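Right, one structure below, let's go through it.
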Amino acid sequence: MNTYKLTYLALIAVVSAFSANLQAQENDVVELDDYEVVGKFLQTDQINALKSPTPIEDVPQSLTILTSDLLELQDLTSMGAIADYVPGVVAGQGEGHRDDILFRGQKSTADFFVDGVRDDVQYYRPLYNVEQVEVLKGANALFFGRGGTGGLINRVSKTAQIGDDFTNYSISIDDLGERSLQIDSNMSIAPNAALRLNYYNEDLENHRNHYYGDNSGINPTLKFKLSENTTVNLSYENLDQERFIDRGISADSNGNPDQNYIGTTFGDADYNKSTLSADVIKINVDQKIDDSTKLRFSYTDNEYSKMYQNFYASSSVTLDTNGDPQVKLGGYHDETERESNILSVDLIGEKELMGKNHKYVIGYESIETSNDNMRNKGDGTNTSVTIALADLDTLATVLPQTNLYDNTEATVDVTSIYFSDEIELTDEIDLVLGARLDEFDITVVDVKDGGATLSQVSEELSTRLGVVYNPSENVSWYASYSESFLPKSGGQYASLSSSKQGLDADVFENAEIGVKYTLDNGIDITASLYELTSVKPEYDGPLQTKVEKIAAKGLEFQASGNLAENWFMTAGLSFVNDADSLKEIPGRTFSIWNLYKFNEKLSFGLGIINKGDTKGKYKTNAVYLPSYTRVDLAAYYKIDENMRLQLNIENVTDEVYFPHSYGDHQISVGAPLHATLKLVGRF
């Protein structure tokens with residue numbers, strides 16, 4: 001992070017805090033309330049995925065909200081864990097170094113956002129500073145631009161709370177050796193200002209040999225009201241991560257997980273690892289123009305430095321001439337340096353025009369990104385090696401990653417304008433429409449190839465149309481059509497080949513109908529039927545292209561709410577047709593989680609996750625992952641009004657299962673029975 005940027009941010013924070021303290025006064029400490037686990041709105045605190053706080057029933061698409069309380073109670077600490085409990089969303093392996101989520105069968109590494117701002121670097125995203133997680137399904141280009149092809153995940157950040165003083169903490173230890181600490185401290189420094197600090201540190205361990213992780217993050221935020229009409233949020237985040245990369249076990253000759261080597265780590269104990277350093281500055285200004293109109297300014301400056309290097313199985317285990325097991329392995333070393341500046345301005349309002357009420361957003365976004373990528377593979381002669389399993393830890397010596405395979409420098413400039421309008425046609429019917437125009441300009445310099453340069457400028461218009469029908473207060477029917485696109489450079493900008501240059505972007509079209517229904521007992525139910533079609537132009541020889549068109553159809557159901565006064569439940573179910581052709585997608589998923597309050601002190605939790613047979617991502621041979629059911633339990637004891645002891649037990653039946661795979665022979669091994677003890681409190 002450039003020194004002048006940090007100095008500038010620090011100067012703003014000091015001056016703002018000093019100014020606010022001119023009116024300082026004492027504030028009462030907030031007592032710890034009972035947990036609240038139901039999210040009803042997309043975003044709180046006015047900075048959200050859909051630009052303004054929007055009730056779930058008014059959004060014409062399937063979505064899921066997970067609050068920070070729910071994440072804490074279920075001990076969900078990663079994007080992959082969240083995917084287990086969201087219908088239509090499945091976690092991939094991510095090669096052991098990054099979040100990898102498939103939305104309705106569409107895989108992308110760039111469909112992650114923070115407060116509606118793009119966060120497309122490949123890494124494992126922590127949840128220590130998250131107020132809630134919003135999972136939107138279907139094409140979502142209107143507010144997010146490229147990507148979001150089958151859905152996206154938006155993390156809503158915790159911001160400083162004016163008028164409150166509190167410190168939340170969480171300390172946990174796992175019987176596999178994993179430990180973590182989280183602190184969330186808010187201080188009201190004046191009647192019109194507050195400072196909040198979120199911090200986490202984790203020492204990762206699991207059931208696999210050599211695995212470790214040493215990760216930390218710190219996120220101070222400052223909020224102050226310049227006037228009754230102007231609110232400013234400043235934020236700085238630093239992340240420092242290092243962890244072992246485990247790409248799982250090999251498949252046998254039939255494409256099944258080879259359980260003879262379920263305890264083997266196919267990698268080098270010292271070489272297989274990933275590191276990340278990140279610095280992110282955010283400035284958000286909300287300006288109230290009148291009682292029904294506001295202007296929002298958002299600026300994000302981020303810098304990421306990412307490295308990962310690994311070896312992995314690329315064949316089945318065979319026997320050598322002496323009858324000893326051997327395996328073929330590949331590997332590489334990869335580095336990414338990325339800097340982005342993201343500026344957005346939104347005019348958000350509600351007006352009556354021609355006798356109809358309109359809730360509208362008019363916006364502009366500009367993104368400037370520079371991305372340097374370098375990859376080494378093999379020793380200049382070989383890019384893979386066959387080695388005895390007994391010699392796995394000598395891989396870095398046997399096959400050093402010294403041959404420069406790829407080295408590119410890319411610049412990406414994106415300019416976008418968009419509008420959205422929610423029109424109240426009648427008391428029962430709302431029409432939702434919008435469009436976004438993106439100009440995507442990318443230049444890639446191939447440093448390895450002597451500076452050869454390829455450039456492409458493309459313009460894409462993405463539309464959205466939806467109808468919401470509310471025949472009564474507790475029922476919403478909806479139908480919608482939305483589009484998104486992904487340029488041929490992909491989500492990570494590493495390359496732009498000559499065969500892809502000039503091709504139109506991949507286009508994704510989502511047609512969906514559904515119903516959102518609140519039962520008399522307060523349980524919210526959503527059912528949706530969708531068809532997601534991908535249209536992908538491909539190079540087919542000089543001056544020729546062909547178009548690959550794939551349509552995925554599916555059903556999704558979800559429900560959440562109180563079955564009784566002391567019994568909360570959330571459940572999800574999804575079906576996907578022809579899942580094998582999509583790869584990495586089970587034809588059926590089911591999940592349910594229950595929280596039962598036994599008395600004022602003691603509560604219990606029960607979770608069940610079931611996934612059908614899955615065809616792994618493959619290159620030459622099909623890999624099949626068998627269906628599985630995982631059962632999780634939890635117990636919560638309220639020590640006093642400010643402290644809770646929590647025990648989460650995962651996989652209580654000690655099921656042997658394989659949640660996902662990457663490539664032909666990189667099959668992840670699920671964790672056996674293990675428990676996490678957590679102390680959660682507030683003062």
Side-chain angles (χ1 to χ4, degrees), residues 39 41-54 59 61 63-66 68 71 78-80 82-83 86 89 98-103 106-159 219 233 235 237 239 278 280-284 296 298-302 304 338 340-346 361 363-367 369 412 414 416 418 420 436 438 462 464 482 484-486 491-493 508:
F41 284 79
L42 279 171
Q43 223 321 337
T44 56
D45 202 41
Q46 310 289 314
I47 307 172
N48 69 298
L50 295 184
K51 305 300 180 182
S52 58
T54 306
V59 182
Q61 66 186 103
L63 57 94
T64 302
I65 295 178
L66 300 97
S68 57
L71 298 174
S78 67
M79 293 292 155
I82 286 174
V86 178
V89 179
R98 56 177 166 84
D99 290 324
D100 184 7
I101 304 296
L102 295 94
F103 303 88
Q106 295 295 333
K107 176 194 283 285
S108 175
T109 60
D111 294 335
F112 300 95
F113 295 80
V114 180
D115 301 322
V117 176
R118 185 172 296 276
D119 176 37
D120 56 8
V121 176
Q122 296 183 336
Y123 69 107
Y124 283 115
R125 291 155 177 83
L127 302 176
Y128 73 105
N129 58 346
V130 167
E131 191 68 46
Q132 67 185 36
V133 177
E134 303 168 342
V135 185
L136 284 71
K137 286 162 279 185
N140 284 281
L142 176 60
F143 288 126
F144 299 95
R146 70 188 186 279
T149 53
L152 58 89
I153 294 178
N154 180 57
R155 288 173 291 153
V156 180
S157 301
K158 294 177 178 177
T159 60
N219 178 206
N233 280 279
S235 171
E237 182 176 24
L239 295 175
V280 181
I281 292 175
K282 295 190 293 185
I283 302 173
N284 295 286
R296 174 174 300 146
S298 174
Y299 176 76
T300 300
D301 180 294
N302 57 52
Y304 292 90
R338 183 175 300 172
S340 292
N341 298 310
I342 305 172
L343 169 68
S344 64
V345 181
D346 295 291
V361 178
Y364 165 84
E365 184 178 68
S366 172
I367 303 176
T369 300
V412 181
V414 184
S416 311
Y418 51 88
S420 175
R436 180 183 182 111
D438 289 274
S462 304
R464 181 192 191 202
S482 58
S484 192
F485 70 96
L486 188 65
Q492 297 299 325
Y493 326 119
F508 301 82

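All residue numbers in this chain count up from 1 along the given sequence. What you see is a predicted model, and the numbers here were worked out from it, not measured in a lab.
Using a 4.5 Å heavy-atom cutoff, the side chains of Lys158 and Asn219 are not in contact. Between Ser68 and Val130 the shortest side-chain heavy-atom distance does not fall below 4.5 Å. At a threshold of 4.5 Å between non-hydrogen side-chain atoms, the residues Glu134 and Leu152 do not count as touching. Using a 4.5 Å heavy-atom cutoff, the side chains of Met79 and Arg155 are in contact. Taking the side chain as every heavy atom from C-beta outward, Leu343 and Asn341 never approach each other to under 4.5 Å.
Residues satisfying the salt bridge (Lys or Arg N to Asp or Glu O under 4.0 Å) test with Arg118, not counting sequence neighbours, are none. A search for ring pair (Phe, Tyr, Trp, His ring centres under 6.0 Å) contacts involving Phe485 returns nothing, not counting sequence neighbours. Partners of Thr149 according to the side-chain contact (heavy atoms from CB on, under 4.5 Å) rule, which considers only residues two or more places apart in sequence or in another chain, are Gln106, Asp111, Leu486, Phe508. Taking the side-chain hydrogen bond (donor to acceptor under 3.5 Å, both in side chains) definition, one finds that Ser340 meets it with Thr369, sequence neighbours left out. Remark: Ser298 engages Asn284 in a side-chain hydrogen bond (donor to acceptor under 3.5 Å, both in side chains) (not counting sequence neighbours). Evaluation of the side-chain contact (heavy atoms from CB on, under 4.5 Å) rule for Val89 yields Ala83, Val86, Ile101, Phe103, Val135, Lys137 as partners, not counting sequence neighbours. For the salt bridge (Lys or Arg N to Asp or Glu O under 4.0 Å) test, residues two or more places apart in sequence or in another chain that qualify with Lys107 are Asp100, Glu584. A search for ring pair (Phe, Tyr, Trp, His ring centres under 6.0 Å) contacts involving Phe113 returns Phe144, not counting sequence neighbours. Listed by chain and residue number, Tyr304 satisfy the ring pair (Phe, Tyr, Trp, His ring centres under 6.0 Å) test with Tyr123 (two or more places apart in sequence, or in another chain). With sequence neighbours excluded, the residues forming a salt bridge (Lys or Arg N to Asp or Glu O under 4.0 Å) with Arg125 are Asp99, Asp119, listed by chain and number.
Atoms CG and OG1, on Asn233 and Thr159 in that order, are 5.5 Å from each other to the nearest 0.5 Å. With rounding to the nearest 0.5 Å, the separation of OG1 in Thr64 from CD in Gln132 is 12.0 Å. Interatomic distance, CD of Glu237 versus CG of Asn302, reported as 10.5 Å (0.5 Å rounding). Rounding to the nearest 0.5 Å places CZ of Arg98 at 8.5 Å from OH of Tyr124. For the atom pair OG of Ser344 and CZ of Arg296, the computed distance is 8.5 Å after rounding to the nearest 0.5 Å. We find the OG-CZ distance between Ser420 and Arg464 to be 5.5 Å, quoted to the nearest 0.5 Å.
Proximity of a side-chain donor or acceptor of Ser482 to a complementary backbone N or O of Ala139 within less than 3.5 Å is detected. Listed for the Asp115 side chain is a donor-acceptor partner under 3.5 Å among the backbone atoms of Ser157.
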- Item | Working for side-chain contact (heavy atoms from CB on, under 4.5 Å), residues Ile342 and Glu365 | CA-CA 7 Å; Ile342 305 172; Glu365 184 178 68; 4.1 Å; yes
- Message: Using the rule given for side-chain contact (heavy atoms from CB on, under 4.5 Å), can you reason through Ile153 versus Val133, listing the C-alpha separation, both sets of side-chain angles and the distance that settles it, and then say yes or no?
- Response: CA-CA 7 Å; Ile153 294 178; Val133 177; 3.6 Å; yes
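Scanning both residues, Gly363 and Asp346, for their nearest heavy atoms gives CA-OD1, 3.5 Å.
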